[in-house]
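Keep in mind that the numbers below use all heavy atoms, side chains included, and drop hydrogens, waters and symmetry copies.
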Amino acid sequence: MMTETPVPGLITKLAIPTIISMLVTGLYNMADTYFVGQIPDKGTMATAAVGIVFPMMAVIQALGFMFGQGSGNFLARMLGAGKKREASEMASTGFALALICGILVMALGQIFLRPMAEFLASGDVDGETIDLTMQYARIILIGSPFMMCQFVVNNQLRFQGSATYAMVGLVAGAVINVGLDPLLILGLDLGVTGAAIATISGQVISFFILLAGSRRGENIKLSIRNVKINGYYILQVLNGGIPSLIRQGMTAIASILLNRAAGQYGQEAAIAGMSIVTRVLMLMVSAMIGFGQGYQPVCSFNYGAGRKDRVRQGFWFCFRWGTAVLSGLALLCIIFAPEVVSLFRDDPDVVEVGSVALRYQAATLPLLAPIVMINMMLQSIGKGVKASITSSSRSGIFFIPAILILPHFFGLTGVEIAQAVADVCSIFLAMPLAISELRKMRDP
C-alpha cells in the first residue's frame, strides 16, 4: 500500500483521520476556554487562567510528541526495510520512556505548583487569577502521564498506517471532555476545577481506547519484554523526536512570553484576548499538522524503501492543497474576527484585543502550509538538525525576539503583530532547507 498506491489518494486517506485527530486535540483546550468564559463575574479571569496554564500543557504535549514522533518515525523506517524486531522494540521503548517522563512531570509540577503559576503569569496579574491558575494546573498535572502516553500510541498507530484507530481514540476523549465541561463548570458550579476534571477525563479515556487499538489487527503489540532502554534507541527517539519537542517546546516558551507581555500591556483582558486567538489559530494549525502527519508515514516508508520520487510527489501535493485551504480560512478570520472572538468572551476589551491580533495572524496564515510541510518532510527522512531548525523558527528563533522587542516600540500592538512577523521570517528560512533536500532526491 505505501509504495504502490497513488500518492495523492494515499495521503488523503491517511490525512483525513489525522486531521480529525489533531482538530480534536485542539478542541480540548478550546472547549475549556469557551465554557470558563461563561462563568458569571469571573469569565475574564478564568479565561486568563486557562491561557496561563496553556504553556504547561504545551510542554507535556511536546514531550509526548517527542517520544511518539521519535519512536514512530524509526518504527516506520524499520517496517519499510523489513526489520520488524527493531520496530517492535522501539514501540515498547518509546512508550516506556513517555510513561517515566510523565510521572516525573506530575510529581515535580505538584511540588512547585505556586512558583510555576506565578512564573507563567505576569506580575500585573492579580492574586485571584493566580489562585484560579493553580486550581486548573493542579488537576491537569495529574493527567500528564496519560496525556504523554496517548500521544505516543497515537503517533505509533499513524506511522503503521492505522490512522483510523488513532482518530477514534482522540475523538472519544474529546466527546467526553466537551460533554463534561458544561456539566462540571456551570451545572455543578465547579468553575476552572470542573474544566480541568473534564480535560483529564477525556485524556484518560483516549489513552485506554488507543491502547486497545494498538493490540488490534497487524499493529505492533506493546510489551514489557520488548522494552530496551539503551543508548541506541534513546538516540533514535531523540533524532526523530527532537524536532517535535522543539516545535512544541518553543510554543510553550512563546506562550509564556506572550502571556507576560499581554499582562504587562493589557492585564487580564489582553491575556484573555490573546489566549482566545491562540486557541482559534491553533485549531487551524492543528488541522495543517494533521495533514502533514498524513504525509509523514508515506514519506518515511518510501524514503526507507528508496522511492524518493514518491516523497517529492507527496510533498508538493501537500504544499499546494495546504496553502489553498489556509488561504480560504485566513480570509474568513479577517472578515469575521470580532464575531469569532466574541464567541468565547463578550467582554469589549477582550474582543478589541483579540480581533486585531486575529486579523494580523490570519494575514500570514497561508505561510504555515509550506512551513509545516517542510518540517514534516525533513523530520520523516531523518534530517534531524534541519528539521529542528525549521520547527523552532516560527515559535522560537523569530517569535521570541519579536515578542521581546516589538512591544517596547509599539506597546500592545507589538504583542498583537509578533506572531505575524515571525511567520514571514520563518518562510524565508525554511524554503532553502527544503529545496536542498528535494534536489538531492531528484538526482539519480
Looking only at heavy atoms, what is the nearest atom pair of [X] and [Y], with distance?
X	Y	value
C318	I11	SG-CG2, 3.9 Å
A261	V415	CB-CG2, 3.9 Å
L368	M288	O-CG, 4.3 Å
L367	V424	CD1-CA, 3.9 Å
V277	G354	CG2-O, 3.2 Å
S144	G102	OG-O, 3.3 Å

Let me confirm one number: the [atom1]-[atom2] distance from [X] to [Y], rounded to the nearest 0.5 Å.
X	Y	atom1	atom2	result
I139	M134	CD1	CE	12.0 Å
R312	M377	CZ	CE	9.5 Å
L331	L326	CG	CG	12.5 Å
L358	L365	CG	CG	9.5 Å
R138	L113	CZ	CG	5.0 Å
I400	L258	CD1	CG	11.5 Å

Any donor and acceptor pair, going by atom type alone, linking the side chain of [X] with main-chain N or O of [Y] inside 3.5 Å?
X	Y	result
R394	F399	no
Q135	V192	no
S393	S426	no
S355	E352	no
S71	G68	yes
S380	C299	no
N302	V298	yes

Audit row: L180, T199, side-chain contact (heavy atoms from CB on, under 4.5 Å) steps and yes/no: CA-CA 8 Å; L180 287 177; T199 297; over 6 Å; no
Any heavy-atom pair between the side chains of [Y] and [X] that's under 4.5 Å?
X	Y	value
F54	M282	yes
P370	T323	yes
I371	I427	yes
I417	Q361	no
V280	F344	yes
C101	F67	yes
L184	F35	no
F65	V152	no

side-chain contact (heavy atoms from CB on, under 4.5 Å) evaluation trace for Y136 with V50: CA-CA 7 Å; Y136 187 73; V50 171; 4.1 Å; yes
F315 six-ring centre to R320 NZ/CZ under 6.0 Å and within 45° of normal: no
Can you spot which of L429, I403, V421 makes a side-chain contact (heavy atoms from CB on, under 4.5 Å) with F398? L429
Show your working on side-chain contact (heavy atoms from CB on, under 4.5 Å) between I60 and V105 and close with a plain yes or no. CA-CA 8 Å; I60 296 170; V105 168; 4.1 Å; yes
Check whether more than 12 heavy atoms from other residues, nucleotides or ligands sit under 6.0 Å from atom CD of E437, and answer yes or no.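 Correct, the count exceeds 12.
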For Y360, I'd like to know if atom OH has over 12 heavy atoms of other residues, nucleotides or ligands within 6.0 Å.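 Incorrect, the count does not exceed 12.
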Test N155 against every option in Q296, Q150, Q69 by the side chain to side chain donor-acceptor pair (under 3.5 Å) rule and name the one that passes. Q69
Check the orientation of F95 and F207. Use parallel for under 30°, tilted for 30 to 60°, and perpendicular for over 60°.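 Parallel.
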side-chain contact (heavy atoms from CB on, under 4.5 Å) assessment of F317 paired with Y295: CA-CA 9 Å; F317 169 77; Y295 166 61; over 6 Å; no
